[in-house]
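So that the names make sense, note that chain A is the first sequence line, chain B the second, and so on, each numbered from 1.
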There are 2 protein chains.
Amino acid sequence: MNQEYSGSGDPAKSLELLWRRRPQPTRGPKPALTVDQIVTAALKVADTDGLAAMSMRRLADELGVGAMTLYRYFPGKGELLDVMLDTVYGELPRRDVPGEWRAKLDEVARENRELYLRHPWMLQVAISRPPLGPNVMAKYEWELSAVEGIGLSDVEMDSTVALVNGYVHGAVRTAVEARQVILRSGMTDKEWWLAHVPHLDQISDLAKFPLSARVGTAVGSEFDAPYDVDHAFEYGLERLLDGVSALVVNRSAPEG
Amino acid sequence: MNQEYSGSGDPAKSLELLWRRRPQPTRGPKPALTVDQIVTAALKVADTDGLAAMSMRRLADELGVGAMTLYRYFPGKGELLDVMLDTVYGELPRRDVPGEWRAKLDEVARENRELYLRHPWMLQVAISRPPLGPNVMAKYEWELSAVEGIGLSDVEMDSTVALVNGYVHGAVRTAVEARQVILRSGMTDKEWWLAHVPHLDQISDLAKFPLSARVGTAVGSEFDAPYDVDHAFEYGLERLLDGVSALVVNRSAPEG
DNA sequence: GTTATACTTCGTACAGTGTACGCAGTTGAC
DNA sequence: GTCAACTGCGTACACTGTACGAAGTATAAC
C-alpha cells in the first residue's frame, strides 16, 4: 500500500550518514546502537516482511529500544531508507565483463534485476534523488563504464544507462507485483481471468473485444509457469539493446 | 509518500461497480449520492492535490457527507481507485492511425503518456490486476490492434504492448518525480548536484569516480530545460520501437 | 571535586490513515 | 400497519511518522 519517499534534508548531514562520517561527540553517554546495527535490522524486516511492515516502532521493537531512540541516529525515516538503499547496492558484484558494450549493458541489467528480486522493497521506494553514498556512486560509475568509449555523448551515456535501469525497474516491479498478487489473492492469473470472463461476458458481451478475448485467453493459459516471467524480461531486454545498438552503430560510423 | 493498491474483492461486485450495473434496490431511502459523483470528486482531489491528499475523510468533506457514507457506494478505497482508473482511461482518444504498426504503437505510447501527465496520481496506484471496466477493455483492445496481423503470436502481442506500456509508465514516472522533487526541494537538478559536489569531494575525493563526475556535470548543466525531458522520452521510445522492429522483421520474413 | 554542558534514551502526545460496527431514521412491499 | 431492506454516519480501533520535553549520564572546564 505504501510507497515511501527517501530523504531530502541537509546535504552535509545526509552524506555524513551515508559515508559514516558522523563526528562522534566527546561528552555524554555512549550511544547504545550504531547506524549499521539499525540498518541491518531494518533490512531484515524489509526483506522478510516487506516495506509496509517496516515501521519505526516495529524496527525499534526488533532492536529492543524505544521508537524515538531511532531519531537520534537518523533525522527521519527517509534518511534511513537512503542508507538502506546504498547498503544493498553494495551487494552488486559489479563484474567487469570483457568484450562489447552490449555484453556489459546486459550484465548491468542482470545484476540490477537480481538485486531487485532479492530486495523487492526497493521497488517501492520512490527515490526523489539518488542517495550519493559510496555504493550508489560505485554503481553509477560501473554502469557508465559499460557505455564509455563507444562514441556516445555524455548525456547519451546517462540516457542509455537510465533507459536500461528504468526498464529493469519496471520489468521487475511488474514481475514482483504479479508474484505478490498471487499470494495475496490466492489466484493465479489464469484463475483470475477465468473467474472474470463469465461475469464480463454477461455484463458486456466479450465479443465486442475480440482481440482481448483471444489474447487474454492465450496469455492466461501460457503464463502460469515462472519461466515465462524470465522470458518476458529477456524479450524486453533484447528489444531494448537492439534499440541501443541502432544508436551506437549510428554514432560509431557517422561517415557511413 | 503513499502508493496505494487497487481493489481485489469479489469479481462480480467489482465488475458491477465498473460497469455501473448495480441493481438498484426498491426499498429504503434513495441514495443521496451516485458513484459518478463520488468518482468525479475523487478525481478532482487527486488531480489537484495528489493521491496522498485523497483520503476518504477529505473526499467525504468535499461531498458534504460523513466519511463512512462512502462505504455504502464502494467496498473500500481500492475499488474506488479502480473506478477512478477506468474512468480516466476513458479520456484516451484511441485514435486509429493509418499506416504501419510502428506509427500505431507510437500513438499508443503518446496517448498513454499524455494521460499520465494529466493525471500523475495514476503512477502511484499499484495495479495488482487491471480493473476490467469498459474503458480499460477498450484501451487494451485498441492497443492490441496496433500489433495485430504483423506475424506476432498472441503472447508476443501482449508482451509487446506490455513492453511499450511499461516503458511509458516508467519514463513518465521518472519525469513526474523529477518535476515534483524540484517543487518540493526548491532546487533544480543542477543546483542539487552543485550543492553536493563540494561535500562529496571532501568526504571521498570525486576523482575516484571520474565518469560520474564528468557525466553528472554534463547532465546537470544541460538538463534544466523542460524540453530535455521530452527528448529523453523520444530517445527511449525510438530505441524501444527499433527493438520491436527487429522482432517484427524476423517474424514477417522467417524464410529470409 | 564540583559544576555545567552536551549528549543519551524514550514516554507521551498529536494529527493523520482506512475501516468495522452498530444505531437511528426512511422507504416501499406485503 | 408491520416488517424488511436500505441509507447516513458517529464512534472506535489499530495503525503511521515524529515533535516535544523530561530524566539520566558521561565528560570538559573550573
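With sequence neighbours left out, Y89(A) forms a ring pair (Phe, Tyr, Trp, His ring centres under 6.0 Å) with no residue at all. Residues satisfying the side-chain contact (heavy atoms from CB on, under 4.5 Å) criterion with P29(A), sequence neighbours excluded, are absent altogether. Considering only residues two or more places apart in sequence or on other chains, A41(B) meets the side-chain contact (heavy atoms from CB on, under 4.5 Å) condition with L59(B), L63(B). Partners of A60(B) according to the side-chain contact (heavy atoms from CB on, under 4.5 Å) rule, which considers only residues two or more places apart in sequence or in another chain, are V65(B), A67(B), L70(B). Remark: E114(A) pairs with no residue by the salt bridge (charged side-chain N to carboxylate O under 4.0 Å, His left out) rule, at least two apart or across chains. Residues passing the side-chain contact (heavy atoms from CB on, under 4.5 Å) test with I182(A) are R129(B), sequence neighbours excluded.
Applying the side-chain hydrogen bond (donor to acceptor under 3.5 Å, both in side chains) definition to pairs two or more places apart or across chains, those involving residues 47-67 of chain A are D47(A)-H119(A), D47(A)-W121(A), D49(A)-R58(A), R58(A)-E62(A). Applying the side-chain hydrogen bond (donor to acceptor under 3.5 Å, both in side chains) test to pairs two or more places apart or on separate chains, those with a residue in residues 33-45 of chain B are R20(B)-D36(B). Applying the ring pair (Phe, Tyr, Trp, His ring centres under 6.0 Å) definition to pairs two or more places apart or across chains, those involving residues 169-206 of chain A are Y116(A)-H169(A), W192(A)-H196(A).
A heavy atom closer than 4.0 Å to some atom of DNA chain C occurs in S55(B), M56(B), R57(B), these being the qualifying members of residues 55-67 of chain B. Heavy-atom distances under 4.0 Å link DNA chain D to G28(A), P29(A) of residues 28-46 of chain A, given in residue order.
Separating the CZ atom of R72(A) from the C1' atom of dC20(D) is a distance of 11 Å, rounded to the nearest angstrom. Residue L70(B) contributes atom CG, which lies 10 Å from atom P of dC9(D) at whole-angstrom precision.
Of the candidate nucleotides dT11(D), dT27(D), dG28(C), dT27(D) has the atom lying nearest to any side-chain atom of R27(A).
Rounded to 10 degrees, the angle separating the terminal axes of the helix from dG1(C)-dC30(D) to dC30(C)-dG1(D) is 20°, with each axis obtained from five end pairs.
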